[in-house]
Structures are given as C-alpha cells and as structure tokens.
Visitor: 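For reference, the structure I am asking about is given below.
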Amino acid sequence: MNNSTAIASILLAGILTNNMVLSKFLGICPFLGVSKKVNTAFSMSIAVTLVMVVASAVTWPIYHYLLMPNYTYLETIVFILVIAAIVQFIEIFLKRFIKPVYNALGIYLPLITTNCAVLGITQINTANQLDFVRSMINALGAGLGFMLAMLLFSGVRERLETANIPEFLKGLPITLISAALVSLSFLGFAGIGG
Amino acid sequence: MANKNIGYFTNGLLKENPVLRLVLGTCPTLAVTTSVKDGISMGLAATVVLICSNVAISLLRKVIPDKVRIPAFITIIAGFVSVVQMLVKAFLPSVDKALGIYLPLIVVNCIILARAEMFASKNSVLPSALDGLGMGLGFTATLTLMGTIRELLGTGMIFGQPVTANFISPMIIFLLPPGGFFVFGMLVAASNAIAKRQGKQPVEHLGCDSCPSKGICGKTDCAEKEAVTNE
C-alpha cells in the first residue's frame, strides 16, 4: 500500500482483506470482550471508528510537521499521549453537547485509549507513508472493518450461548475457535482491493 | 523473605501465566507467533519493557497522584518502549523488520499496564522487578510455545531448520490468522484442563478482571453487566 494506491482499494482492503481484527490481530480485547451482544458490539465499534478517524486526523499533521524529519523516534510516545488526550476530549465534548450519543458510547470511550487498534492505525499510516486523505480513508476502512468483524462475531456468539459445546472447550476456547472460523471466511477475500 | 521473592518471580511463570491464566496481551500472542524466533524476540522485548516500567513505576508510586496515574504509567511505558525500539532498530534490524508495528504496540500491551496497575504501584522495587521478570518470562514462554506449534505445523521447520518438512507436507493454514486463533484456543483449553485438575477456576471468558482499564472505567462495571447477560 503506497501513495499511488487508489482510494477505493484502500477502503476495501481495510474492511475486508486487511481486516484489523481478523488478519492484523489488533483490537482483540474488545473483539473477544465486548462482542457478547450485537447492540454493545455495534456501539463499541462506532466509538472505535470515531476515535480512529479523529486520531488519524490529529496525528498526521503532528507527525509530518512537528516530528519529521528529526524527531520521528518520538512517534510512539507522542501518539499514545495524543490518543489519550483525544479520547478524553471526545468524552467531554459528547457529554457537554451531544448527550444522547454520550449515553450510548460514553462507557466505551475510556477503554479505547489502550486499544491497540487505534495506536495501530496511526502507526500503519506513518509506516506506509500515506498522505492525509489516504490516512483518513485507511482509518475509516479499518474502523468499518472492525465493525463488520464485531457484528458478525457477536451474531455467532449469540448462537453459541445455546449451542451444545464440549466440556473442555467451554468459555474462552470455543470463542477463540469460532473466531478462527470467522477469520477463515475472511481469507476468501484475499486479493480483493489489492 | 527469600522464599517470598521467589514466589513473586514464579507466580507469573505458571500460576498466573499472563497469557493463559490472566488472558492479557492476546494481540501479540496471535500476531507475531508465526515462527519461534519472532515469538521469542517479541517476548523478550516485552520482558525488558515490563521489568523497566515495573521498577520505574514502583519507585515513583508515592509521587504519582492517584488521579492521573494511568496517563503517567502509559507515558513511562511509552518511554521504555521507544528505548527498546531504538535499540532493536540499531542492533537487530531483522527483528525490527519481522515485528514491524507490533514492536511500538508493546505500549498498549495490556500485560504491562495491568502489572503496573495491579502490582508495581502497590509494591516496593525488588518484588516489582521480580514480578516483571516472572510475568515477562511467562509471556515469552507462551509465545515460544505458540511459535513452535505454528512454525512446526505450518512450515515443518523449527528455527528455519527442517524437522518434519521432508516427510509431512506443511499445513500453511497454521501460519495464517485462523491458525493463530485455533492454536491459541487449543492452548487455553489445555491450560483450563490442567487448572481444573488442580482444582482451580478455568478461564471462562475475557472479562473485566483482566482488563487494565478496569480502574479508569469504574462506571462501565462490565463485570456486573456480564453477570446480567449470563442469566
């Protein structure tokens, strides 16, 4: 993925072929932890997508105008602090101005600071040297991909509740093995979007 | 006293193995275990960060105000991760290439923040260092095991040396993401079975107990929610 890649293919790759959770293994904690019900999975992924896009928009100018070319080694430490600040800020903003959204998403926001998908997407943007627009598209695609994986998987898990599971696989093991099968289905997308 | 210190060290190795018992740090466990070498290097890099951050946080535990402790911990951890990142880039460029973005992502590895929050911020320096060492080696051991299984089944080799490659054709699926989830699921099942035999609670789900953000998101109280949804 470089600058010449078409925008549509970045979006498709983010959603399907390079799915954040199922092929890059980022954001596994919310994927396994908050996917018990379709509703909560949906709210969590909306919050993650929002933070991802805003974080990409904020970290891009910081990286390209402040850290480049001499201070790029500060990337990790600056990005994580910026993300922590953004999450805090979004929380305050929503609480003050858009109360219904805050009531729906607020509880997930503190969990997102330490979500590796958010730090991951900003790092991927700089590692692939994407320009501003492509960084945003990449973040949006990754967020939507995260949402798709979360929704599919929460549907699977609601079914698992009533399934007859072998004793030794009950709990986390069966969750991981179902995740393996969902991820297997995503392998079918390989090649789409370049 | 000496016994107690050994206890801090061995705790992380088996009894409270961070990956299999506490279910922390699942992202790197799945992502970088396609070969033994990558697993070991990720484990050791995280161990170094874990020991350093545990020591630093334990030293500063009386100075850091309670309200801003999580951002403070994250900053300290990010500092050590940057140091490790620069050292690896300078001396082991091949490792840097293999681990890619997962190296800087050690910052958000829940094991490190969880140990800072659960252990280092409440204990003195020596126990914290030993806890970091034990937890780090427990993490490394699990990654090595995962790496061995996946490399052996996926390529028929270990450390790039053919083992079964000449008479069993390798199953590439184990190198791909589904293989990672599957092997991890099986390892957790095995660890649960052993825990059960010893009369301990098997790991049922990845709940709030193992979440390092538990402290900051007291209002979510997902433990309670989880209980409600279970009923």
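If you're wondering where the values come from, they're calculated on a predicted model, not measured in any experiment. Side chains included, hydrogens not; waters and symmetry mates left out as well; all remaining heavy atoms used. Reminder, nothing fancy here: chain letters follow the sequence lines and each chain counts from 1.
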Visitor: Looking only at heavy atoms, what is the nearest atom pair of B:C27 and A:C116, with distance?
Guide: SG-SG, 3.1 Å
Visitor: Check each of B:I74, B:T75, B:I77 against A:I80 using the side chain to side chain contact (heavy atoms under 4.5 Å, CB included) test, and report the only one that passes.
Guide: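 Per the side chain to side chain contact (heavy atoms under 4.5 Å, CB included) rule, the option paired with A:I80 is B:I74, out of B:I74, B:T75, B:I77.
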Visitor: Taking the side chain as every heavy atom from C-beta outward, state whether B:S82 and A:Y73 have any pair of such atoms under 4.5 Å apart.
Guide: no
Visitor: State the CE-CD1 distance between B:M186 and A:I177, to the nearest 0.5 angstrom.
Guide: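 Result: 4.0 Å between the selected atoms.
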Visitor: Donor-acceptor pairs are to be reported for all side-chain atoms of residues 85-108 of chain B against protein atoms at under 3.5 Å, with residues two or more places apart or in another chain.
Guide:
from: B:Q85; atom 1: OE1; to: A:T76; atom 2: OG1; distance (Å): 3.0
from: B:Y102; atom 1: OH; to: A:K24; atom 2: O; distance (Å): 2.3

Visitor: Looking only at heavy atoms and a cut-off of under 4.5 Å, which of B:G25, B:A193, B:A78, B:G185 has the most pairs with chain A?
Guide: B:G185
Visitor: For chain A, which candidate among B:L30, B:T29, B:V188 shows the most heavy-atom pairs at distances under 4.5 Å?
Guide: B:L30
Visitor: What's the separation between atom CD1 in B:I173 and atom CG in A:L184, rounded to the nearest 0.5 Å?
Guide: 5.0 Å
Visitor: Taking the side chain as C-beta and beyond, is there a heavy-atom pair between A:P173 and B:N192 under 4.5 Å?
Guide: yes
Visitor: Between A:A84 and chain B, with a heavy-atom cut-off of 4.5 Å, which part of the residue counts as in contact: side chain, backbone, both or neither?
Guide: neither
Visitor: Heavy-atom count around B:I172 CD1 within 6.0 Å, excluding the residue itself: above 12?
Guide: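 No - once you tally the heavy atoms of other residues, nucleotides and ligands closer than 6.0 Å, there are 12 at most.
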Visitor: Which atoms of A:I174 are under 4.5 Å from chain B, going by heavy atoms: the side chain, the backbone, both sets, or neither?
Guide: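 No part of it gets close to chain B.
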Visitor: Step through the shown structure and confirm whether more than 12 heavy atoms of other residues, nucleotides or ligands are within 6.0 Å of CZ on A:F132.
Guide: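 Yes, the 6.0 Å shell around CZ holds more than 12 heavy atoms from other groups.
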Visitor: What part of A:E75 lies closer than 4.5 angstrom to a heavy atom of chain B: side chain, backbone, both or neither?
Guide: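 Neither part, no heavy atoms under 4.5 Å.
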Visitor: Could you check whether any side-chain heavy atom of B:F181 comes within less than 4.5 Å of a side-chain heavy atom of A:L22, counting everything from C-beta outward?
Guide: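 Yes - at least one pair of side-chain heavy atoms lies under 4.5 Å apart.
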